[in-house]
Amino acid sequence: MIAPRLLQVAALIVLAMMRPASAQAPLIADLDDHLIAITTGFAGADVLLFGTTDGPGDVIVVVKGPVADIEVMRKERVGGIWINRKGLGFQNVPAVYILASSKPLDDLLPVDQRAFYQMGIENVRMVPVSPDDSDLKTFSEALIRAKQKSGLFSDQPARILFIGDRLFRVNLRVPSTVPTGTYLAEVYLVRDQKVVGAQTTPLVISKIGFGADIYDFAHRHSATYGVIAVLVALLAGWMAHLAFRRR
């Protein structure tokens, strides 16, 4: 049986060929699956993004979201102990930032256009609470490094492959540490250092199964969950104690 993603690719190709040239959009793109289910033992996932253009060009893909406020702390050594001393907050920080392109970004768009479309980690709009802080650059770089270390910000763009002049595809790696929420995959068609077409498609990441039930219960009834967790820990310790006494 043909894999579902191959059927989707075939359907997209047929749709592009059937549309008259006068009515054809510059860019058509989609994901092979708009839902990533996080279950017990989730180790990340690969999502196929594919599409077609109305002629030769290059493609850039930006996947980001959901945004949140984050405070970055700087540790300092006081009396032989490392403690958090100074912090700086940032607003609208995307939980995940994934980038893909058919060529290096420097060859596709000028600096101002890359900044406008937030293409490249250095162009992600993270709004500092104190924009005049003298250590702003240090804190923003530390935030980006932390995101990269956890695999939530891609270090290098994934490579978009073209099949002929019009069909393209790319495998986007979603890390195991990805938080739940709704993400947006923004796809751009570039010609002569200009964006001539764009499309946005959603990607939902959600917990399912028994793990999701526990997660939901813990957030809805945090006090009860804490009591249960303590009782389970005490019970486990008591049972371990009995096992060692029998030996």
Side-chain angles (χ1 to χ4, degrees), residues 5 9 12 26-34 36 43-67 90 92-126 137 140-179 181-205:
R5 66 172 54 183
V9 174
L12 183 64
L27 174 71
I28 302 175
D30 201 2
L31 299 169
D32 69 328
D33 195 345
H34 289 270
I36 294 179
D46 289 311
V47 179
L48 173 66
L49 186 145
F50 56 92
T52 181
T53 66
D54 63 352
D58 286 287
V59 174
I60 300 173
V61 175
V62 177
V63 180
K64 61 179 183 291
V67 297
F90 292 86
N92 299 325
V93 180
V96 171
Y97 183 89
I98 301 173
L99 182 68
S101 62
S102 55
K103 291 180 182 177
L105 293 181
D106 294 345
D107 299 339
L108 297 181
L109 289 174
V111 175
D112 60 333
Q113 289 294 296
R114 298 200 303 269
F116 179 79
Y117 291 105
Q118 299 189 60
M119 297 174 180
I121 293 178
E122 69 279 4
N123 294 317
V124 178
R125 297 193 191 106
M126 301 179 296
K137 183 178 180 180
S140 60
E141 290 177 348
L143 175 55
I144 291 175
R145 285 197 304 270
K147 287 284 190 177
Q148 289 177 319
K149 186 177 180 179
S150 61
L152 298 175
F153 277 21
S154 56
D155 295 319
Q156 297 293 331
R159 179 68 182 275
I160 298 176
L161 301 177
F162 267 86
I163 305 172
D165 293 333
R166 299 175 59 186
L167 305 178
F168 63 89
R169 59 168 289 164
V170 60
N171 285 317
L172 303 173
R173 182 63 183 173
V174 177
S176 59
T177 52
V178 64
T182 300
Y183 296 75
L184 294 178
E186 302 169 352
V187 188
Y188 301 93
L189 176 62
V190 178
R191 293 192 183 112
D192 300 323
Q193 294 200 329
K194 294 181 180 179
V195 174
V196 298
Q199 181 179 332
T200 300
T201 184
L203 173 64
V204 177
I205 299 177

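Keep in mind it's a predicted model, so treat the numbers as computed, not measured. Throughout, residue positions are numbered sequentially from 1 according to the sequence presented.
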Self-check item: Heavy-atom pair with the smallest gap, counting every atom of L105 and G120
Solution: CD1-N, 4.1 Å

Quiz item: Are the side chains of P94 and Y183 in touch, meaning some heavy atoms are under 4.5 Å apart?
Solution: no

Quiz item: Do E186 and Y117 touch side chain to side chain, with heavy atoms closer than 4.5 Å?
Solution: no

Quiz prompt | T182 OG1 to L203 CG distance, which is reported to the nearest 0.5 Å | solution = 8.5 Å

Practice problem: Measure across Y97 and Q118 and return the closest heavy-atom pair with its distance rounded to 0.1 Å. | Solution: OH-O, 2.6 Å

Practice problem: Could you tell me the separation between the CG atom of L172 and the OG atom of S154, rounded to the nearest 0.5 Å? | Solution: 9.5 Å

Self-check item: Considering all heavy atoms, the nearest P26-L189 contact
Solution: O-CD2, 3.3 Å

Exercise. First locate atom CD1 of I60, then atom CD of Q113, and finally report the distance between them rounded to the nearest 0.5 Å.
Key: 10.0 Å

Exercise. Taking the side chain as every heavy atom from C-beta outward, state whether T201 and H34 have any pair of such atoms under 4.5 Å apart.
Key: yes

Exercise. Drop me the distance from I121's CD1 to M126's CE, to the nearest 0.5 angstrom.
Key: 9.0 Å

Exercise. Applying side chain to side chain contact (heavy atoms under 4.5 Å, CB included), run through I205 and V96 and close with a yes or a no.
Key: CA-CA 12 Å; I205 299 177; V96 171; over 6 Å; no

Exercise. Hey, could you give me the NZ/CG distance between K64 and L99, rounded to the nearest 0.5 Å?
Key: 10.0 Å

Quiz prompt | Minimal non-hydrogen separation, A45 against I36, with atom names | solution = CB-CG2, 4.2 Å

Exercise. Sort out for me which residue in N171, I98, V63, L31 forms a side-chain contact (heavy atoms from CB on, under 4.5 Å) with V47.
Key: L31

Self-check item: A95 versus K147, closest heavy-atom pair with distance
Solution: O-NZ, 3.3 Å

Exercise. Give the minimum heavy-atom separation between T52 and F168, together with the two atoms involved.
Key: N-CE2, 3.4 Å

Quiz item: Crowded around D112 CG? As in, over 12 foreign heavy atoms under 6.0 Å?
Solution: yes

Practice problem: Without swapping roles, check the side chain of R166 against the backbone of D54 for a donor-acceptor pair under 3.5 Å. | Solution: no

Quiz item: Which distance, rounded to the nearest 0.5 Å, do you find between the CD1 of I144 and the CG of L152?
Solution: 13.0 Å

Practice problem: Give the intermediate values and the outcome of salt bridge (charged side-chain N to carboxylate O under 4.0 Å, His left out) for residues D32 and R169. | Solution: CA-CA 11 Å; D32 69 328; R169 59 168 289 164; over 6 Å; no

